[in-house]
Every structure is written in structure tokens, then in C-alpha cells.
Amino acid sequence: MDPLYRPEIIEPLVQQHWEAKAAFRAVEDPTRPKYYCLSMFPYPSGKLHMGHVRNYTIGDVLARYYRMRGYNVLQPMGWDAFGLPAENAAIHNGVPPAKWTYDNIAYMKGQLKRLGFAIDWSREVTTCRPEYYKWNQWLFLRMLERGLAYQKTGTVNWDPVDQTVLANEQVIDGRGWRTGALVEKRDIPMYYLAITRYAEELLADLDKLTGWPERVKTMQANWIGKSYGVEIHFPLTPPGAKANPSEGWGPVLKVFTTRADTLFGVTYLAVAPEHPLALQAAASNPALAAFLEECRKGGVTEAQLATQEKRGMDTGLKAWHPFTQEPLPIWVANYVLMGYGEGAVMAVPAHDERDYAFAQKYGLPIRPVIRPAGDGEAGGKGQRPDIPTLPYTEPGILFDSGDFSGRRSEDAIEKIALVLKSLGLGDRRTTWRLRDWAISRQRYWGCPIPLIHCDHCGVVPVPDEQLPVLLPEDCVPDGSGNPLARRPDFVNCSCPKCGRPARRETDTMDTFVDSSWYYLRYCCPDNEQAMVDARADYWMPVDQYIGGIEHAILHLLYSRFWSKVMRDLGLIKYDEPFTRLLTQGMVLNHVFSRRTAQGGIVYFAPDEVEVVTDDKGRIVAATARADGQPVDYQGIGTMSKSKKNGVDPQALIDRYGADTARLFTMFAAPPELTLEWSDSAVEGAHRFLKRLWKTVYDHVQGGVVSAYREGELPPRLRDLRRQLHQTLQKVTDDIERRQQFNTAIAAVMELTNHLARLEGDDACTRSVRQEALELIVLMLAPIVPHICHVLYQELKPGACLTDASWPEVDLAALQRDELELVLQINGKLRGKIKVAADAGREAIEQAALMSPEVARFLEGRPAKKVIVVPGRLVNVVG
RNA sequence: GCGCGGGUGGCGGAAUCGGUAGACGCACCGGACUUAAAAUCCGGUACCUUCGGGUGUACGGGUUCGAGUCCCGUCCCGCGCACCA
């Protein structure tokens, strides 16, 4: 055995061993419990970053742990390979996105292998391969047949930098999620997936996801945004003008409200600038038309986003109140959203912040109709109460509201809805914030939408037998529009219906489509005949999914939707794809910057600066190595290219090895929290591995050990065995139930420190040391598998760690004859007492009362009370 | 604004069901080894102290024999959503 720990030598050897044995090949086996451990697949951007290392190490620890526990483990990996960065790289370097992508995949795959992840590479899935995206197209056609996919021309979010349409989810604060460019509105024909049809189920089934963080479920629930309310129709013709009541109410203006109880406080109606009524009124009103035009452009300007000033204009139109018959002015208001509810609201300035601000600005009447429920609740109809400060937005008791006065808000909403329904002027209604998912992208590097445009037959689906619609891989985009549209060999085709010349759809699918079902394809990546097969029934659902919190809404919601669609198509048998979800925190590092003379900011990589620390080790100043001039220390921030504070995992692996990289990322913080990069903490992790190596080396040098007999162990060795098995118990619980790998590692470090201090090389000691080292190596095996593989071989010649099981706790070793209890007097720690392990409550009380501490602190006063917490402490109250 | 997390030494963090606050690691200090340094090993490290002890988990109250943990209020930080009617 090498006396020195040399990861650069042992790690490649161990990896070759795994490869030769096909150690991590997953084969369906109905006789064994399965464990599908999935990490979110990477976008092949070029090289791994620390976030990947963290993500995949967490997954690998769990996969290896469950493998040792006897589960049939599937841990696959693949590539989210379509997407814009490939096109941008092509624009810069003149290389086709396909080549750039495949080169990146090859390099990053090498990096993943170098980190020693227990991945079944035979199931690798790459979304830009026809054998994968064929099934995107196939399922899209199934959805089209069922009306779950449909075309609609609508106002869409247009990213002027990427020249593409964005989904609502991809617009953040009015800007493109990737480019940060201000999003414009455009009218374009688009394909949508009807995710809203599943809104109810997507919301309700969140309750089934007991293995998901509450935070993620809350975010999804908010995103789906179910809202119970009432739809109210305001007639657009005066009630008296109807010649014949049987004709109904004629045209109405529909609004949605959650506060129907405030109906008698309505003083005007407001519609969105895109509302048909607004457009109609604008036709004969140039000033209004100008205002609408301003809203269309202004809705996304920076200034307006910042001030969010409420603006509006009277249309001159009137609607009539369904109960009071009173005429109400209809305004256009920029704070009303066309995309939500009916694109129109009933405005109640007295009880709504926005309506209040608007009414104040434009001098519209403000009419209170709700008062606090408070003490005067029995107060009787019509009684005029003290009105609190307006707007009063809480529910309360109605007044000045006709027959409804005196009712509570909740009650009034029900009654008003009933009466409206009987009048044919409204009903209860549920509204959702969730929109249908727009999947068309005017980009080249994505999955082609399998449709053909024929002048005679219209939009015709590509027949199944012609799938996949192949994406040409030799295009080099130049940044303007979609290069597919300029490829006659792609565009020109014949209509599948009439055979006449036709044009292929050149839009491609949102890449979130690709990632909505990749986990299914890992189950059967080689099936050319079907999207999924029976193997998916064996592996699915995913038992443990690990990925970044940034996917809490988009990817996870789309995947849940996709699963439900596939279930309804009879393709799969489960409702929810991911049973347990772990969202790992981000990786952070120090940020250094300097203001330039022009007022800009330049960033410095942490290794480009020299820091000055105070006597406590805090950074107080920093200078750039290049010019010796000071730079500003900005504290800790997420690793990013722009801040130049990313750490290249490759450098870490080259210097310390994969095991150190893995140990550091798992030890420095619990997986859900942010992880702060620290060079010295990395060294600390490396030091521990060197110590472990040396401890095993020293022990192995002593030669073969004989097994001890339980009875012959002296107390100090029994104590060590107790700690050993207590540690095993804790580590098992930390990994399996708590998923707190940092405390598991801390416990093993503590044990290893104790073991290093264990003196003696008699047969008994060596025998217990052998047991302890074997267990330590097994406990660390999921985290640092390379070093453990070698150490295990040294400890047990002929044995192979790949076949080893997770050790069992020896309950007998946990037994003890004597316990040490904490002695408290009046709740304060005063000492410790030793009692027999089987001592009863009375014996413990006696022992406590007889202790010198009690005599000293109670000074002869009698104890009023003695509280005994078995196995922990005794508190004497005097 | 609404919703969800948080606030513990110099730092990352531990304390799992209301029961020894600060595990483990980093940093720092001291010692050993060395001609010297690095590496390694050993010891110390919340604060105050009259060395008996006292005080400490953002702040102010409360419940309890006992509170970092539970309850009420305040402040601060992070994340998500954001004119959603």
C-alpha cells in the first residue's frame, strides 16, 4: 500500500475498474425494489460549473447509498441539448450549433466521468438527436388530435434581442429571462399547449407531493393562481330601453370579481386598453385611439414600469348596474390586464387600493359600502357606521347595499351570486392565473413543429410515418431571424393530404418541451417503435429528483403537466413524475469589483486579487495583483460569469482529485442552503482524506487481525464500539431520512478523530480498530467512493467495495451499564451524575439529591420538585 | 404590497420531539518536530469575571421546572410573485 494518498493515481484506476465491471448498469428486475435517482440534466454549455458538481454529487451520494442498501438503482444522465446559447456561439464562431453542442457534450461527459458518478451511461439521452425529438413531435400530434395543442394568433411577448417569442414564464419584470431585453408585444400565430385544462388537477395534486419542499409547492400554487369569485354582467343598454324583456339583456360588459359584496360601491367600470369595447369606442374617438396606442407601446417602457402610474380615459360609453339600474361610466385603464379574468373590472374605489388611486386622480365618486365587523356587529340594517380610512379592503359588514345590507361579506357574496344568476346577469366563477403554454419559437436550434402549410388544405399535421421531421444540422445562423426559413430543402415539401407543393412550419418548440419528459426516455432510450414501454412502468416515478430551485415553477410544472397528458393518453400509469424533490442551494463566492473612471464596474476574479484580513480573518481590504491598486470587496454573491467569481471544477479536480471536490461540496453546507466557496475549506476536506489514508495505512502495516470476542473487550474498547455504532445509526438517518450530508460527514470525522487517538496494538485493540475502519470506509463510500474503494481493498484483501452492503448497526454495542446525566439546579447546569443504566426515577432522584452540587446551591433548603428526563438530565427545583 | 424562508462565535455551520448552546470544519493563537520554512502532530479559542461564578442564539414581552426551539409584538436580511380585480 502506498503510504501517501495520491488521488491522481488511484481515481482513474478505480474508474477503470467500474467501467470494466459495468458496475452501474441498471437492469430491470421485478424481484428487487427499485430506486430511480435523477439529477436535472445539464445544458451542454461547454464545461461543468460548481453548481453541476454539487447537484450531481448529491444525486450520486443517494444513488450509491441506496445501491448499498440493496435497491436496484437507476441513475442516468443526458443533455438538454437544444437552445439559444448554441446559436449565439454559432453567430460568434461561425460553427454550426450541432457541432458546438456535440463537442461540448463530449467534453462535459469526460468531466462527469472524472468526478466518478455512478451513472448508467448506456441510457444517455440527448434531446437534439432525432431519435429523441421524434417523440416530441409524435406527442405534439396526439395533443393536436385532442385539442390539447392548438394554434392561435395572439399578442405575444417578443424578445427583440433573441428575435423570438417568449412564454409568460420567461418574461421577468417586463424583460426577457435570458437577454434582459425589454419585451415588446407582437401579434403572431402561435401554437399553445392547453395546460390550463389541467389547472385544477395540477393544483389539487400538490397535496400528494409529500416529498416536495413546501416552498416549491407554494410557488406552484401561486403560479396556478386559483381564485374564486363571481362573474357579473353589466348591461350596455338602459333597462328601460328594452322593447321586450324576453329578448334578454342585450350586449353586456362582463367583469370578474372576488369581492361581489362590494357591488353597491361600484362607481365606474374599467376595461383593459386591448378590450374590444375600448377598441370600438376608439374608432370614433381619436383622443382615445391615441391613448390606446400609447398604452400598447407604453406598457413595457422602463419609466412606466418604474412608476406604475395609473392612467386612464373615459370611453364615453355607459353600462347599467344590475341591481340599482344606475348608469356607470366605462373607462379604459392601464391597470386592467386583458389576460386575466374578462379584461374588465368593476371599480369600487372605497374598497380597492387601485380603484381608489384611480378615482382620486380622475375625480370619480367614492362610495363606501363595507364596514369592519367589529363589536357593533348586530348593528341592524342601514345603520351608518364609522367609516375607517379609505380604501378599506378587508371583508366586513355591508351597508347601503339594498337587501344585502347587514350581511357579512362572505355571506353576501353567495347571495349576490345567486340573485345575479336568477337574473341571468352573472354566476359564481373560478379564474386562474395560469395561461396556456405558448411553445412556438422562431429559432433554428430546436425541435421542428411537425406541421405543413398547404394553400389548399390549410395547416396539415405531418403523418406519423414521416416522423421525425429532421432538423438540418449544418445550418450556421447569423443572428437575424430563423435560418430554417431560408432553407428551401427544409421548407419545400408536398402536402400530405393533396400532394401539392406546400411549406413546412419553420417554428421550433420551446426547449422546455424537451425537458418535460426526458426522465421517461431514460427508461427505454433504445426503443425506436414507441415513446415509452413497460420498462417505464418498472422505473417510474422518479424516487428522488435533485436540481436547482430556479426550476421550481417552469420545468417542474411542465413536467407534471406532461405526465398527466401522457397518463390520459394511456402511455404511462402514474400521476406525478417526481416522488421526492431536493432543491439544492446555489454556490457562492467572494465578489471583487472596481468603479471605472467612466462610472462602470469591472469585476476581478478572486484569484486576481490579494486580500488583507484583520486579526479575526475578515477581509478588510483587497488589491488587484495586476496593478497593485485597491479593489472593493463586495461580500458574497452567486458564482457567475459576469462577476468573474466562478470556480472551475476542473482546476479543483486536477489539484485535489474528485473525492476532495465531492467531500467539500457535501460537507460545507446542508444541500438546500447556499454553499460558500472557500479555498481553505477545500484544503480541510483534502486534509481529512489524507489523515484517513494514513490511519488505514498505519493499521494495515500491522498485518492480519484476528476477530475479538465480545466478552473480552475492556471498557475503553466497548466505549469506542458504542460510539462507532451510534455514528453508524446517525449517518444512516442523516443520509436516508434527513438528507443532511454535512452532519453525517461531521459525525464520521469525529469518530475518526477518536480512533486516531486510540492507543495500543494488542490483538483486541487492533481487532476493534479494524472493525471501526471498515465501517468508516463503508459510511464514506457514497461520498468519496474512490479512496474508499482502495482502502476497503487494503482492509479486506479480496473484497470489492462495489459489492459491499451498507453495514448493520450492532444494537448490542449500543448497550451501556452506566449513564451520565446532566444535573440542573433551578434550570441551570451545575454538574453531572452517574447512574446505572437501568436506574429508576426514584434512584435517579436520590442520586441527584445526594450530590454535593445540590447541597451547595440549595444551601439546606428542601427541594420543591425534581424533574427527571430519562437518559438525559435531572432538574432539582429548590 | 402579498406569500414563503431566515437572523446562533471571527467565518461556514451543529443542536433531529421543549432538555448540556456552539458538534464538525475553517480561521486565529500557543507548543512539538526542523538550521529554517512548508507539511505534519499536540493543545487552546463565545463574552465578562473578584476564578465562586455571571451573561449569552436580532430586539421587547409571555408560557414553562427548563426556550435557539413554542406564543405575541418589533426590527433586519434573503427568495418568490407582483396593478391577478
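This structure is a prediction, so every number in the text was calculated from the model and none was measured. Reminder, nothing fancy here: chain letters follow the sequence lines and each chain counts from 1. Worth knowing before you read on, the calculation uses all heavy atoms, side chains too, and leaves out hydrogens, waters and symmetry mates.
- Using a 4.0 Å heavy-atom distance criterion, A:Asp352 is classed as making no nucleic acid contact.
- The base of B:U40 has none of its N or O atoms less than 3.5 Å from a complementary donor or acceptor on the side chain of A:Lys690.
- The P atoms of B:C28 and B:C72 are separated by 44 Å, rounded to the nearest whole Å.
- Within 4.0 Å (heavy atoms only), A:Lys694 reaches no atom of the nucleic acid at all.
- If you check every strand for non-hydrogen atoms under 4.0 Å, A:Lys828 touches sugar and phosphate atoms only.
- Taking 4.0 Å as the cut-off between side-chain N and carboxylate O, A:Glu683 and A:Lys690 do not count as a salt-bridged pair.
- In this model, a donor atom of one side chain and an acceptor atom of the other lie less than 3.5 Å apart for A:Glu231 and A:His233.
- To the nearest whole angstrom, the two C1' atoms, one in B:G6 and one in B:U69, are 14 Å apart.
- Between the OG1 atom in A:Thr752 and the CZ atom in A:Arg757 there is a gap of 11.0 Å [rounded to 0.5 Å].
- Residue contacts for A:Val822: at a heavy-atom cut-off of 4.0 Å it reaches a base atom on one of the strands shown.
- Among the heavy atoms of the strands lying under 4.0 Å from A:Arg433 is at least one base atom, whether or not backbone atoms are also near.
- Both A:Gly684 and A:Tyr335 lie close to RNA chain B; mapped to their nearest nucleotides by heavy-atom distance, the more 5′-ward contact belongs to A:Gly684.
- The residues A:Arg722 and A:Asp719 are annotated as salt-bridged, a charged nitrogen and a carboxylate oxygen being separated by less than 4.0 angstrom.
- Nearest nucleotide to the A:Val869 side chain, out of B:C26, B:G19, B:G25: B:G19.
- Atom CG of A:Leu819 is separated from atom C1' of B:G19 by 15 Å (rounded to the nearest Å).
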Which pairs of donor and acceptor atoms, one on a side chain in residues 741-748 of chain A, lie under 3.5 Å apart (sequence neighbours left out)?
| unit_1 | atom_1 | unit_2 | atom_2 | d |
| --- | --- | --- | --- | --- |
| A:Thr743 | OG1 | A:Asp734 | OD2 | 2.9 |
| A:Thr743 | OG1 | A:Arg738 | NH2 | 3.4 |
| A:Thr743 | OG1 | A:Gln740 | O | 3.0 |

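- The nucleotide whose nearest atom lies closest to any side-chain atom of A:Arg354 is, among B:A85, B:C26, B:C41, B:A85.
- When distances run from any side-chain atom of A:Thr674 to the nucleotides B:G19, B:G13, B:C65, the shortest one goes to B:G13.
- Taking the side chain of A:Asn875 as heavy atoms from C-beta on, and the options B:G66, B:C24, B:C83, the nearest nucleotide is B:G66.
- The residue A:Gly341 sits apart from the nucleic acid: no heavy atom pair falls under 4.0 Å.
- Residues that satisfy the side-chain hydrogen bond (donor to acceptor under 3.5 Å, both in side chains) test with A:His686, not counting sequence neighbours, are A:Thr660.
- Glycosidic conformation of B:G68: anti, with the torsion beyond 90° of 0.
- Between A:Tyr340 and A:Glu820, the one whose closest nucleotide on RNA chain B sits nearer the 5' end is A:Glu820.
- A:Tyr268 places its OH atom 16 Å from the P atom of B:A85, with the value rounded to the nearest Å.
- Using a 4.0 Å heavy-atom cutoff across all strands shown, A:Val336 reaches at least one base atom of the nucleic acid.
- For the pair A:Met586 CE and B:G80 C1', the interatomic distance rounds to 12 Å; values are reported in whole Å.
- Minimum atom distance to the side chain of A:Leu829 is reached by B:U20, of the listed B:C65, B:C84, B:U20.
- Around the CD atom of A:Glu820, the shell of radius 6.0 Å holds more than 12 heavy atoms that belong to other residues, nucleotides or ligands.
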Pull out every protein N or O sitting under 3.5 Å from an N or O of nucleotides 51-53 of chain B, one pair per line with the distance.
| unit_1 | atom_1 | unit_2 | atom_2 | d |
| --- | --- | --- | --- | --- |
| B:G52 | O3' | A:Arg856 | NH2 | 2.5 |
| B:G52 | O2' | A:Arg856 | NH2 | 3.1 |
| B:G53 | OP1 | A:Arg856 | NH1 | 3.0 |
| B:G53 | OP1 | A:Arg856 | NH2 | 2.7 |

What nitrogen or oxygen pairs link the protein and nucleotides 4-8 of chain B at under 3.5 Å?
none

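- To the nearest 0.5 Å, atoms OG1 (A:Thr727) and CG (A:Leu775) are separated by 9.5 Å.
- For the pair A:Arg830 and A:Phe857, the cation sits on the ring face: its NZ or CZ lies under 6.0 Å from the ring centre, inside 45° of the axis.
- Every ring pair (Phe, Tyr, Trp, His ring centres under 6.0 Å) that A:Tyr633 has, sequence neighbours left out, goes to A:His590, A:Phe592.
- Near RNA chain B, defined here as any heavy-atom distance below 4.0 Å, the residues from residues 733-749 of chain A are A:Asp733, A:Arg737, A:Arg738, A:Gln740, A:Asn742, A:Thr743, A:Ala746, A:Met749, listed numerically.
- For A:Arg687, the listed nucleotide lying nearest its side chain is B:A27; candidates were B:A27, B:A23, B:A14.
- The ring pair (Phe, Tyr, Trp, His ring centres under 6.0 Å) check on A:Phe667 picks up nothing, with sequence neighbours excluded.
- Glycosidic conformation of B:C75: anti, with the torsion beyond 90° of 0.
- Neither side chain, A:Thr431 nor A:Lys226, offers a donor N or O lying under 3.5 Å from an acceptor on the other.
- On the P atoms, B:A15 is 15 Å away from B:U8, given to the nearest whole Å.
- The pair A:Lys217-A:Glu214 meets the salt-bridge criterion, with a side-chain N (NZ, NE, NH1 or NH2) lying under 4.0 Å from an Asp/Glu carboxylate O.
- Between B:G66 and B:C17, the two C1' atoms lie 15 Å apart (nearest whole Å).
- A gap of 15 Å separates the P atoms of B:A67 and B:G54, to the nearest Å.
- Distance noted for atom C1' between B:C51 and B:G61: 34 Å (whole Å).
- Remark: A:Trp693 pairs with A:Tyr5 by the ring pair (Phe, Tyr, Trp, His ring centres under 6.0 Å) rule, at least two apart or across chains.
- For A:Asp679, the salt bridge (charged side-chain N to carboxylate O under 4.0 Å, His left out) criterion is met by no residue, not counting sequence neighbours.
- Rounded to the nearest Å, the gap between the P atom of B:G62 and that of B:G78 is 32 Å.
- With sequence neighbours excluded, no residue satisfies ring pair (Phe, Tyr, Trp, His ring centres under 6.0 Å) with A:His275.
- Within 3.5 Å, a donor on the side chain of A:Lys310 pairs with an acceptor on the base of B:C83, or the reverse.
- Here B:C77 presents its P atom at 18 Å from CD1 of A:Ile636, a figure rounded to the nearest Å.
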query = In dot-bracket, 5' to 3', how would RNA chain B read with Watson-Crick or G-U wobble pairs under 3.5 Å, [ ] for crossing ones and | for pairs to another strand?
reply = (((((((..(((......[....))).(((((.......))))).(((....)))..(((((..]....))))))))))))....
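- Regarding the sugar-base torsion, B:G12 falls in the anti class, its angle being beyond 90° of 0.
- Screening residues 867-877 of chain A for salt bridge (Lys or Arg N to Asp or Glu O under 4.0 Å) gives no qualifying pairs among residues at least two apart or on separate chains.
- Closest approach to the A:Phe667 side chain among B:C24, B:U16, B:C26 is made by B:C24 (side chain taken as heavy atoms from C-beta onward).
- B:C77 and B:A82: their P atoms are spaced 22 Å apart (whole Å).
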